[in-house]
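Here the structure comes first, spelled out in structure tokens, and everything after it is commentary.
Just so it is clear, the structure is predicted and the values come from calculations on it, not from any experiment.
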Amino acid sequence: MKFKGVIFDLDGTLVNSLEDIADAMNKVLQELDFPTHSYEDYQYFIGSGLRNLVSKSLPSSQNNESQIEVCLNLMIAIYRNACTNKTKPYPGIVELLDYLISINMKLSVFSNKSDELTKKIVADLFPNYFKTAVGLSTESLKKPNPFEALEISKNLGLKPEEMIFVGDSGIDMQTATNANMHAIGVLWGYRPEEELIANGAKHLLNYPLDLIPLL
């Protein structure tokens, strides 16, 4: 078997978390009497960490570092207690994970969501599937920086070229390429096919179990 491990992105890949994220941010905006955004808008705000999402959500007149920091803390406080209210695995994900575990594939999660929230969601929704779940702890290490992906590979005892990286965004595909891992894009997430291809996707999945023949 060529591949021995898989790193999954979280939001838009393993779980549909859009509504919980959007609801939490919109609640902050409402409390401050700022305009809110649609779920469709948030599809393009997600992917580069919550700080970036907060910045994109704020009115341009309020988009400064002090306001971003205040709103980020408010958003996390709300989201921490609501991050699995509506968030669920996409159809077929659990079946895919069961299969991968059955063939002794080593599985990990790498997300630009905060490390605390990444670990919480993975523990709540996917107990006993993943060797590690890594989120954002240092802004400079967020995807597409490959550092954490390479650390995951090292900790699993695998070479980068033995790893598949599965994600729903161009940033995920860039991360895979930067880490010398096999980039696979999913079409059920938050970003269009064109973005995935333009950023280096080697294969595209219409449904989670489509990964199996590529192994």
Side-chain angles (χ1 to χ4, degrees), residues 7-59 62 67-98 100-101 107-137 139 142-143 148 166-169 171-172 186-192 205 207-209:
I7 297 176
F8 288 93
D9 170 52
L10 183 61
D11 301 301
T13 301
L14 290 172
V15 298
N16 186 347
S17 53
L18 177 67
E19 293 184 10
D20 281 335
I21 292 170
D23 290 349
M25 190 64 224
N26 276 343
K27 188 170 183 180
V28 173
L29 296 172
Q30 286 171 341
E31 289 176 356
L32 296 173
D33 290 324
F34 295 156
T36 58
H37 304 279
S38 68
Y39 290 148
E40 184 178 358
D41 290 336
Y42 279 103
Q43 288 187 184
Y44 293 92
F45 296 171
I46 291 173
S48 296
L50 291 181
R51 176 176 291 276
N52 185 266
L53 178 139
V54 169
S55 176
K56 290 180 177 179
S57 302
L58 288 171
Q62 300 293 328
Q67 186 67 271
I68 291 170
E69 189 66 24
V70 168
C71 291
L72 176 63
N73 290 331
L74 289 172
M75 190 273 183
I76 289 175
I78 294 168
Y79 183 56
R80 181 183 289 118
N81 296 317
C83 62
T84 55
N85 282 1
K86 299 177 182 177
T87 296
K88 297 289 185 295
Y90 284 102
I93 286 293
V94 171
E95 291 85 349
L96 173 62
L97 297 179
D98 283 336
L100 295 175
I101 291 293
L107 308 180
S108 292
V109 174
F110 177 28
S111 173
N112 273 344
K113 189 190 291 292
S114 74
D115 190 59
E116 171 202 356
L117 295 172
T118 296
K119 286 178 166 58
K120 174 177 171 54
I121 291 171
V122 170
D124 287 354
L125 298 183
F126 302 107
N128 305 318
Y129 283 108
F130 293 100
K131 298 284 187 183
T132 55
V134 178
L136 184 63
S137 54
E139 194 72 16
K142 73 181 180 182
K143 297 180 286 188
E148 295 288 9
V166 181
D168 74 308
S169 72
I171 287 173
D172 292 317
V186 308
L187 298 177
W188 56 80
Y190 305 146
R191 296 291 201 275
L205 307 180
Y207 186 72
L209 295 180

To the nearest 0.5 Å, tell me how far [X] [atom1] sits from [Y] [atom2].
X	Y	atom1	atom2	answer
K142	N52	NZ	CG	5.0 Å
I7	S111	CD1	OG	12.5 Å
Y190	D168	OH	CG	7.0 Å
K120	N81	NZ	CG	7.5 Å
L29	L58	CG	CG	6.5 Å
D41	M25	CG	CE	12.5 Å

Exercise for the section: Could you check L14 against F130 for side-chain contact (heavy atoms from CB on, under 4.5 Å), going step by step and ending with a plain yes or no? Expected result: CA-CA 12 Å; L14 290 172; F130 293 100; 3.7 Å; yes
Handout entry: Residues forming a salt bridge (charged side-chain N to carboxylate O under 4.0 Å, His left out) with K113, sequence neighbours excluded
Key =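 K113: salt bridge (charged side-chain N to carboxylate O under 4.0 Å, His left out) contacts with D11.
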Handout entry: Any residue meeting salt bridge (charged side-chain N to carboxylate O under 4.0 Å, His left out) with K86, in chain and number order, not counting sequence neighbours
Key =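 Partners of K86 by the salt bridge (charged side-chain N to carboxylate O under 4.0 Å, His left out) criterion, ordered by chain and then number, come out as E19, D23.
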Problem - Worked verdict on F110 versus D172 for side-chain contact (heavy atoms from CB on, under 4.5 Å) - result: CA-CA 9 Å; F110 177 28; D172 292 317; over 6 Å; no
Problem - D98 atom CG, neighbour heavy-atom count above 12 within 6.0 Å - result: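 It does: D98 CG has more than 12 such atoms within range.
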Exercise for the section: Check step by step if side-chain contact (heavy atoms from CB on, under 4.5 Å) holds for L136 and E139. Expected result: CA-CA 7 Å; L136 184 63; E139 194 72 16; 3.7 Å; yes
Exercise for the section: Kindly say whether Q43 contributes a backbone atom to a donor-acceptor pair with the side chain of R191 at under 3.5 angstrom? Expected result: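 Flag set: sc R191 to bb Q43 pair under 3.5 Å.
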Problem - Under 3.5 Å: donor-acceptor pair, side chain of K119, backbone of A133 - result: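 A pair under 3.5 Å: yes.
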Handout entry: For F34, ring pair (Phe, Tyr, Trp, His ring centres under 6.0 Å) partners two or more places apart
Key =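 So F34 forms no ring pair (Phe, Tyr, Trp, His ring centres under 6.0 Å) with any residue.
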Which atoms form the tightest heavy-atom contact between [X] and [Y], and what is the distance?
X	Y	value
L209	E95	CD2-C, 4.0 Å
L10	V122	CD1-CG2, 4.1 Å
T132	S108	OG1-OG, 2.8 Å
Y79	S17	OH-CB, 4.3 Å
P208	G92	CB-O, 3.5 Å
L50	I76	CD1-CG1, 4.0 Å

Problem - Any E69 side-chain heavy atom under 4.5 Å of V54 side chain - result: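 In short, these two side chains do not touch, never coming nearer than 4.5 Å.
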Exercise for the section: With the side chain counted from C-beta on, respond yes when K88 and N16 share a heavy-atom pair under 4.5 Å apart, and no when they do not. Expected result: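 They are not in contact (no side-chain heavy atoms under 4.5 Å apart), so the answer is no.
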Problem - Y42-Y39 aromatic ring centre distance below 6.0 Å - result: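 No, ring centres 6.0 Å or more apart.
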Practice task
Under the salt bridge (charged side-chain N to carboxylate O under 4.0 Å, His left out) rule, what do D9 and K143 come out as? Steps first, then yes or no, please.
Solution key: CA-CA 10 Å; D9 170 52; K143 297 180 286 188; 2.9 Å; yes
Problem - Residue that, paired with F126, satisfies side chain to side chain contact (heavy atoms under 4.5 Å, CB included) out of V15, V109, L107 - result: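 That would be V15.
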Practice task
Check whether the side chains of T118 and D115 place a donor and an acceptor atom closer than 3.5 Å, and report yes or no.
Solution key: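 On atom types as modelled, these side chains do not qualify, holding no pair under 3.5 Å.
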Problem - Evaluation steps, side-chain contact (heavy atoms from CB on, under 4.5 Å), between Y129 and V94 - result: CA-CA 9 Å; Y129 283 108; V94 171; 3.5 Å; yes
